[in-house]
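Just so it is clear: chains get the letters A, B, ... in the order the sequence lines come, proteins before strands, and each one is counted from 1. These figures come from a predicted structure and were not determined experimentally.
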Amino acid sequence: MKDGMLSILPLAIGAALYGFAFGILAAQTGFPWWAVTLMSSLVHAGSSQIVAVERFASDELLIGAALAGVALNLRYLGIAASLGPLLKDRPLFHKLIAVHLTGDENWALTFAKRAKDPSIGVPFLLGSGLVMISTWTLSTTAGAVFGTTVPDLARFGLGFAFTAAFIAMARALWRGHMDTLSWGSTFIVTLLLVKLTGNSAFSILAGSVFGISVSLFLQKRTSVS
Amino acid sequence: MTSAEWLLIILLAASTFSVRVIGLFAGQKITEYPHLKKALDALPGCLLVALIATSLSAASSFIWFASAIAVIVAILSNHVILTMILGFTSLFMLQTYF
């Protein structure tokens, strides 16, 4: 467990910066600092928190904001599935704690280490996960406390801070030229739909579905040829 | 804090935890369907791009320009904080000097 706690530290520092920035944004959109603490410890999925807070601030559509956030978290279906063999002999309570403590960083690190050393397992996952959730909760809280003391960032383009964060998050997900095409079409279709309908929630949904269809079509074509 | 903010936190926490638990117990079955798996893999990127497009739909030309800078920084660095800082700096400079 200690090994996991130490090995994750460099990644935790990166997450702390990101968490601090998110805390500022959340505080500026009206969340009290303790609400940020609560959200970070209960959700423990950074990108979905950013997306949900941004949607909530700009649309005030509760369900839309939660849906956008959880849609981003659907990747945890695959991540949690991969933990199945690792956790199979553990009691249910341990399993539930372990999936909650598993985020992108400590999951990737545990499996990368395990590929080299099969003795690495649940304690490593839990140790690194504990460090990640603590870092995330503390840094977002610190950001939120700081965020209430700084002037109104909306004047300086708070909305753009979210856009820039989304751009960086998307970049980290880019898998190759197939994505460039499907993302390009998502961008154009969503932009046109927002302009035409004025309904951003609908446009985001329809634009994403269109992009996913393009991606499936491209993958099908490359696998046939 | 408003009740809507409370609800948002509870909804997001409950749904995210459900996804994790469903993944643990049924994830293997879900990922057996290749099309579903491909769609799930493509979803986060497309969703983020749709969010970017929406936030830019009514934005000024300065913000479009700063976003282009952020895209270039993101492609080159693949670093979240650097992208936000350089994007923000370019927006600030545009607003100050033009």
To the closest 0.5 Å, what do you measure between CZ (A:R171) and NE2 (B:H79)? 12.5 Å
Would you tabulate the side-chain donor-acceptor contacts of residues 42-54 of chain B under 3.5 Å, counting partners in other chains and residues two or more places apart, or write 'none'?
from, atom 1, to, atom 2, distance (Å)
B:T54, OG1, B:A50, O, 2.7

Closest non-hydrogen atom pair, B:L8 against A:A65: CD1-CB, 3.8 Å
How long is the span from the CG atom in A:N73 to the CZ atom in B:F17, to the nearest 0.5 Å? 13.0 Å
Can you give me the closest heavy-atom contact between A:A164 and B:T83, atom names plus distance? O-CG2, 4.0 Å
What is the minimum heavy-atom distance between A:A35 and B:M1, and which atoms define it? CB-SD, 3.1 Å
As an exercise: rank B:I10, B:I69, B:I22, B:D41 by heavy-atom pairs under 4.5 Å with chain A and give me the winner. B:D41
Among A:L38, A:L77, A:T102, who wins on heavy-atom pairs under 4.5 Å with chain B? A:L77
Is A:L92 close to chain B through its backbone or its side chain, or both, or neither, when contacts mean heavy atoms under 4.5 Å? side chain
State the OG1-CD distance between A:T29 and B:E5, to the nearest 0.5 angstrom. 7.5 Å
Which bit of B:F25 is near chain A, if near means a heavy-atom gap under 4.5 Å: side chain, backbone, both or neither? side chain
Do the ring planes of A:W34 and B:W6 sit parallel (below 30°), tilted (30 to 60°) or perpendicular (above 60°)? tilted
Relative to chain B, which of A:A98, A:S82, A:A71 shows the most heavy atom pairs under 4.5 Å? A:A71
Report, one line per pair, each donor and acceptor closer than 3.5 Å where one atom sits in a side chain of residues 207-216 of chain A; sequence neighbours left out.
from, atom 1, to, atom 2, distance (Å)
A:S208, OG, A:I204, O, 2.7
A:S213, OG, A:V209, O, 2.7
A:S215, OG, A:Q219, NE2, 3.1

Under the criterion side-chain contact (heavy atoms from CB on, under 4.5 Å), I'd like the reasoning laid out for B:L11 against A:L67: C-alpha separation, chi angles, the key distance, then a yes or no. CA-CA 9 Å; B:L11 272 177; A:L67 272 181; over 6 Å; no
With a 4.5 angstrom heavy-atom cut-off, which part of B:L7 approaches chain A: side chain, backbone, both or neither? both
Can you tell which of A:R75, A:M178, A:K95 has the highest number of heavy-atom pairs within less than 4.5 Å of chain B? A:K95
Do any of residues 11-22 of chain A have a heavy atom less than 4.5 Å from a heavy atom of chain B, and if so, which, in residue order? A:L17, A:Y18, A:A21
When only pairs under 4.5 Å are counted, which of B:V73, B:L24, B:I9, B:T16 shares the most heavy-atom pairs with chain A? B:L24
Heavy-atom pairs under 4.5 Å with chain B: which of A:G69, A:A81, A:A66 has the most? A:A81
Please rank B:V21, B:T2, B:V71, B:I75 by heavy-atom pairs under 4.5 Å with chain A and give me the top one. B:I75
Output the option from B:L56, B:V80, B:I63 having the highest count of non-hydrogen pairs under 4.5 Å with chain A. B:V80
Residue A:F31 versus chain B: region with a heavy atom under 4.5 Å: both
Measuring from B:L40:CG to A:Y76:OH, what's the distance to the nearest 0.5 Å? 14.5 Å
Can you tell which part of A:L173 gets under 4.5 Å to a heavy atom of chain B, answering side chain, backbone, both or neither? side chain
For a side-chain contact (heavy atoms from CB on, under 4.5 Å) check, start with the C-alpha distance between A:F160 and B:S67, then their side-chain angles and the critical distance, and finish with the verdict. CA-CA 8 Å; A:F160 177 70; B:S67 302; 3.3 Å; yes
Is it true that atom OH of B:Y33 has more than 12 heavy atoms of other residues, nucleotides or ligands lying nearer than 6.0 Å? no
What's the separation between atom CD1 in A:I167 and atom CE in B:M84, rounded to the nearest 0.5 Å? 10.5 Å
Among A:V70, A:I188, A:L42, which residue forms the greatest number of heavy-atom pairs with chain B at distances under 4.5 Å? A:V70
Do you know the tightest heavy-atom contact between A:Q49 and B:L12? CA-CD2, 4.1 Å
For chain B, which of A:L83, A:T163, A:D179 has the most heavy-atom pairs under 4.5 Å? A:T163
Evaluate whether atom CZ of B:F65 has more than 12 neighbouring non-hydrogen atoms of other residues, nucleotides or ligands under 6.0 angstrom away. no
Side-chain donor-acceptor pairs under 3.5 Å in residues 193-200 of chain A, sequence neighbours left out?
from, atom 1, to, atom 2, distance (Å)
A:K195, NZ, B:S57, O, 2.6
A:T197, OG1, A:L193, O, 2.7
A:T197, OG1, A:N199, N, 3.1
A:N199, OD1, A:A201, N, 3.3
A:N199, OD1, A:F202, N, 3.0
A:S200, OG, A:R55, NH1, 3.4
A:S200, OG, A:D59, OD1, 3.0
A:S200, OG, A:D59, OD2, 2.9

